[in-house]
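Shown next, in structure tokens, is the structure this report addresses.
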Amino acid sequence: MKASFEYDSTMNSSIDIAVNSNGDWKVGGSKQVSHETGVSTGYVNKGPYYARQYQVPVEYIKYKHQRICSGTVRATWYTIEAGRYKVPSGGSVGKIGKNVSAKDGLTPYRNSPTRNRARVEPGTYFQLTSKKSAKFGNAVNFMGVALGVTTGYDKNHKQKISAGNRTNAKHLVWGKNGPVSGKPGVFYSY
């Protein structure tokens, strides 16, 4: 059995340009230019009996929110949200975190809900992928020329386990928050 984890972060931008002329005749057209860049980090082929967290540097952003009614600020609150993957200058792209092997094994498996359990057959693997995406867009139209910009930011987490080739071996997995085919969050193994 071998364990792998991958964190993937991508950003893309799209610029839309459109021209319309109105009058006795009409001309229209548009052009879209797109660009995407990304990074991945993680660990591969660890094991057997390897269960570690993986830590990636994430930039957090503080947002100020206000509820305004009739031009008067009625409420103000702040939130701090994960922004983007950002490696500090000279810093690590990712680090092996704390040992979480106590969450794997026979006893946690027996204590897991039956509906969350599954089996990885010898010589195969199971991978859980989680993706979050955010899109931001702005547009302006002035004298028949329309310009629009859209930027997207995607974050992917991939947790993978590969079972060995021994034909008599069973490799059991279970989801933390639900069935492995549903929304397990993460999965553990025995």
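Below, each value reflects all heavy atoms present in this structure, side chains not excepted, and no hydrogens, waters or symmetry copies.
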- prompt: Does Tyr63 sit in a hydrophobic cluster with other residues, and if so which ones, taking ILVMFWY side chains as linked at heavy-atom separations under 4.5 Å, directly or through other members?
  reply: Ile61
- prompt: Under 4.5 Å between any side-chain heavy atoms of Pro184 and Lys176, yes or no?
  reply: no
query: Looking only at heavy atoms, what is the nearest atom pair of Ser189 and Val173, with distance?
result: CB-CG1, 3.9 Å
Nearest non-hydrogen partners of Gly94 and Ser92, listed with the distance: O-OG, 2.7 Å
task: Show your working on side-chain contact (heavy atoms from CB on, under 4.5 Å) between His171 and Ile161 and close with a plain yes or no.
output: CA-CA 10 Å; His171 196 78; Ile161 193 145; 3.3 Å; yes
message: Using side-chain heavy atoms (C-beta onward) and a distance below 4.5 Å, is Lys95 in contact with Tyr54?
response: no
- request: Not counting sequence neighbours, which residues clear side-chain contact (heavy atoms from CB on, under 4.5 Å) with Ala102? List them please.
  value: none
query: Would you say Val100 and Leu106 are hydrophobically clustered, going by side-chain heavy atoms of ILVMFWY under 4.5 Å?
result: no
- prompt: Which hydrophobic side chains are connected to Val73, either touching it within the sub-4.5 Å cutoff or through other members that do?
  reply: Ile68
Test side-chain contact (heavy atoms from CB on, under 4.5 Å) applied to Arg115 - qualifying residues, sequence neighbours left out: Pro113, Pro179
query: What pairs with Tyr109 under ring pair (Phe, Tyr, Trp, His ring centres under 6.0 Å), at least two apart in sequence or on another chain?
result: Trp174
query: Does any pair with a residue in residues 98-110 pass salt bridge (charged side-chain N to carboxylate O under 4.0 Å, His left out), and if so which ones, sequence neighbours excluded?
result: none
field: Side-chain heavy-atom pair Val56, Val58 within 4.5 angstrom cut-off
entry: yes
message: Over 60° means perpendicular and under 30° means parallel, so tell me whether His65 and Trp77 are parallel, tilted or perpendicular.
response: parallel
query: Taking only residues two or more places apart in sequence, or in another chain, which ones meet Asn177 in a side-chain hydrogen bond (donor to acceptor under 3.5 Å, both in side chains)?
result: none
Expected list for residues 118-128: side-chain donor-acceptor pairs under 3.5 angstrom, two or more places apart:
from   : atom 1 : to     : atom 2 : distance (Å)
Arg119 : NE     : Glu121 : OE2    : 2.7
Arg119 : NH2    : Glu121 : OE2    : 3.0
Thr124 : OG1    : Glu121 : N      : 3.3
Thr124 : OG1    : Glu121 : O      : 2.6

query: Taking atom OG of Ser130 and atom NZ of Lys158, what is their separation to the nearest 0.5 Å?
result: 11.5 Å
- request: List for me each residue that meets side-chain hydrogen bond (donor to acceptor under 3.5 Å, both in side chains) alongside Thr107, sequence neighbours excluded, and say none if there are none.
  value: none
- prompt: Asn116 versus Phe187: any side-chain heavy-atom pair under 4.5 Å?
  reply: no
- prompt: Pairs in or reaching into residues 50-65: which pass salt bridge (charged side-chain N to carboxylate O under 4.0 Å, His left out), with residues at least two apart or in two chains?
  reply: Glu59-Arg84, Glu59-Lys86
- prompt: Partners of Lys131 by side-chain contact (heavy atoms from CB on, under 4.5 Å), sequence neighbours excluded?
  reply: Asp154, Asn156
- prompt: Can you name the side-chain contact (heavy atoms from CB on, under 4.5 Å) partners of Ser101, sequence neighbours left out?
  reply: Ala51, Asn99
